[in-house]
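Beneath this line is the structure, given in C-alpha cells, with notes to follow.
Here is how names work: the chains are called A, B, and so on, in the same order as the sequence lines, proteins then strands, and each is numbered from 1.
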2 protein chains.
Amino acid sequence: MATIKDVANAANVAVSTVSLALRGDPRVRESTRRRILEIAQELQYRPNGAARDLKTRRTETICVILHDLGGPFYSELLLGIQDVATANDYNTIASASIGGKNGSAVRWLLERRVDGVIVLAPEIDNETIIRAAGPDLPVIVLDRDLVAKHVYSVRVDNEQGGYKATRHLLEAGYRDIIFVSGPADTLDSELRYRGYEMAMDEFSAKKSKRFDYMGKFTEEGGYTVGKVIASQGTLPEAVFAANDEMAIGLMRAFGEKGIQIPRDVAIVGFDNIRISEYVRPALTTVRQPMYDMGSVAAQMLFAALAGSSDLNPVTLPAELIVRQSSVRGMYV
Amino acid sequence: MATIKDVANAANVAVSTVSLALRGDPRVRESTRRRILEIAQELQYRPNGAARDLKTRRTETICVILHDLGGPFYSELLLGIQDVATANDYNTIASASIGGKNGSAVRWLLERRVDGVIVLAPEIDNETIIRAAGPDLPVIVLDRDLVAKHVYSVRVDNEQGGYKATRHLLEAGYRDIIFVSGPADTLDSELRYRGYEMAMDEFSAKKSKRFDYMGKFTEEGGYTVGKVIASQGTLPEAVFAANDEMAIGLMRAFGEKGIQIPRDVAIVGFDNIRISEYVRPALTTVRQPMYDMGSVAAQMLFAALAGSSDLNPVTLPAELIVRQSSVRGMYV
DNA sequence: TCTACGGATCGAAACGTTTCGATGTGTGTG
DNA sequence: CACACACATCGAAACGTTTCGATCCGTAGA
C-alpha cells in the first residue's frame, strides 16, 4: 500500500511537501500541487489514519456508546448528536456496550481512539467512566447520576415525567393506580416512581409499594406482570408502567384475559416508542426529547473540547402524550 | 497523559519490558510484571490506540456503515454481525452514511482506520466502494449488485420474497393485485416487483405497471399513494407494498376513507418491521433474515481477513409471514 | 553589485507503540 | 573452574504522518 513517502519519491519532492500539498496549504505552488495530487491518485495513495491521529493527537471523532445499536429509541438521539457533530466537522461512531467490563466499548473509552464520548448505557459502571474521563477525553453521561471531573451530564426529568403521567390519570378521575416498575437497579424507574408518589400524595391517593410489581423493561416482563395483576381478585383502575415496552406487554396480558382498555383498566407508559402509537388502543405515554438530548449532549461535548470545564448538568423536560389507553369511556 | 515511557522510567525498566509486561508475555518475570502493572495503575497509564494501530497495522475493528443508525430494521443485523465479531475478538462500530460522498463514513472506508467494512447504505456509490476495497480492506456489501476485487456480497432474495408474497395473495383468490413500489432507483423495490410479475404471470393475472404507484419507502409515501388509490373509481382487490412502512401508510389512508382491511382490500408488506405485528389488522409481510445476513456477512469478512479471496456471493431466502391483513374474511 | 526578503521546498524530529536481535545474569553440567 | 544455556531485560528501529526551523533561489530595493 502506497505511503506518503512513495508519493514523494515518485514526484521527486520531499515528504513534507506532499503532506502540505495534500492538505492544500498555500505555501506549495499550484503547479506542483496538481502534479502531486495526480501522482497520489495514480498510486492509489490513501492516508493512514492511525499515523495522522498519532501525530496530531486528535481524531476528530466522537463515540456514542449505547446498550444496543438499533434500539428504536436511539434513532433520534443519534440524529441529534450527529447534526451537531457534523456541524463541527466531526465524525460520529456508535458502539454497543455489549461485553460489559472488557467489551468493545471500553476500548473507545480507554484507548484514546476518539476525542470524546457520549454514554447511554447503564451497564458501563461509573468507575470505568471516571477512569476514562480526563482533560483530553471529556465524557457526557446521559440519564445517569454521576458527577466527576471531566464528566458532564444530561438527563431527562424522569421524576417530572412520572408526575405528569400520574397526575393525568388522577385528573381523569382514577384513584386506584398502581405502578409497574422496571428492574430494581435502574435509576430511571426509581425516578418515575418518585414522580408517581408525588402526584398520588397530592391527591391523597393510596400508592402501591415500590416493589409490588416489578418487570424487566421488556414486553415479556410486562406480560408476566400483567398476568399476575389480572389473576388477582380485584383489578386496579389504572396502571402506570415504567416504560412503553412493559405497558404493551400489560395490554397483551389484559387482552388475553378479556380485560378491556381503558374501560376496565387505564394504562399509561413511558418513552413514546414508535409502536405505542400503533398499538390498539393507542398508548398514552411520556415522550422523552431524545433529539434534544443528543443535540445538547453533543454541544456540551464540543464546549468541553473547546476548553470549558464548568458545564452545569442539564435536565430536559418530558412531555405527556395523551392517547386512547387512558381516556375513560373511549373504545376503539 | 502518561505514556509507556513514563511507566518505564518510574519502574526503572526499559520501554520494551513494560510493553511485554502489559501484554502478559511470559518472558517477563512475574514479580516485575506486578510491579509494572501497579505503577501503570498509579500513573493512570492508558495505551494510545493510534500508536498501537500504526505499529501493528491492524485495528481489530470492523465498521458497519448504515443509512441511519437506529433504524429499527438494523438492530438484528448488527446483532448478527457483533456476535461473530466478538467471537473473533474484534470490535464493531457503526457509522451512518449521512453526508454521502465526503461524509463521515467515507473516512472509515478510505483512511484505513478499520480492518474491514460492511456496507448497507445505498447512497454510498459503487465507485467509492471499489476504490476503498483492497488486499488489506475487504468490504462486504449488503443488498447491492456489485462484483469487484476484494468486495463480497450478501443479499436477501428479494425476488423470491416478492414472489412468495404475491403468490400468497393469488392463492387466497385475489386476482386484481397492484404493486406499490419504492423510489425508482432502488434495486430492492425493482426485484420485489420482478417477483410480483413472475407470480402474476404464473396465474395469468393482469399486472399493474412498474411505475403506476410509486412512493417514498416511508409511511408518508404510502399514505399519499393510498389516498390516490382510494380516490379512484374502483379499488383493487389487494395491494402488495414494497415495504412495511408504505403498507402501514396505505392502511392509514384506507382507514380514513372507511375502506376495511382485508374485507375491501387485502394488504401485504415487506420487511417485517416490528410495528407490523402491532398494527390492526396485523400486517402480512415478508421477513428478511437480518440476523443471518449480519452473521453471514461478518463470517465472510473474517474469511477474507484470513486470506480467502474466492468467496462466492450469498443469497439468503426470505420468509412469508401471514397475518390478518391478507386473510379473506377476517376482521379484528 | 550587494543585501534583504518572500516564496517554495526540504530535512529531521516527534508522536507512542511493538518487535527483534543483542546483552547481561545466574544456574547446572562436565 | 570453564562452558553452555535458559531466563530476564534492554536498546533501537520501525510504523506513516505532521510540523517547525532551515535552506535555497530569484527578485526588488539601495
Looking at A:Gln41, I want to see if its CD is surrounded by more than 12 non-hydrogen atoms of other residues, nucleotides or ligands under 6.0 Å.
no

Round to the nearest Å and state the distance from B:Arg57 atom CZ to D:dA14 atom C1'.
10 Å

Using atom CZ of A:Arg46 as one end and atom P of D:dC15 as the other, report the distance to the nearest whole Å.
18 Å

What's the CZ-P distance between A:Arg52 and D:dT17, to the nearest Å?
9 Å

Salt bridge or not for B:Asp25 and B:Arg23, using N-O below 4.0 Å?
no

What one should report as the nearest heavy-atom pair of A:Ser97 and A:His67 is OG-CA, 3.3 Å

Rounding to an integer number of Å, can you tell me how far B:Lys55 NZ sits from C:dT18 C1'?
5 Å

What is the distance from CZ of A:Arg112 to P of C:dG16, rounded to the nearest Å?
8 Å

Taking only Lys NZ, Arg NE, NH1 and NH2, and the carboxylate oxygens of Asp or Glu, determine whether A:Arg57 and A:Asp136 approach each other closer than 4.0 Å.
no

Between D:dG16 atom P and B:Arg113 atom CZ, what is the distance in whole Å?
15 Å

Between A:Arg58 (CZ) and C:dG16 (P), how many Å, whole number?
15 Å

May I ask you to list the residues of residues 10-34 of chain A, by number, that have any heavy atom positioned under 4.0 Å from an atom of DNA chain D?
A:Val15, A:Ser16, A:Ser19, A:Arg23

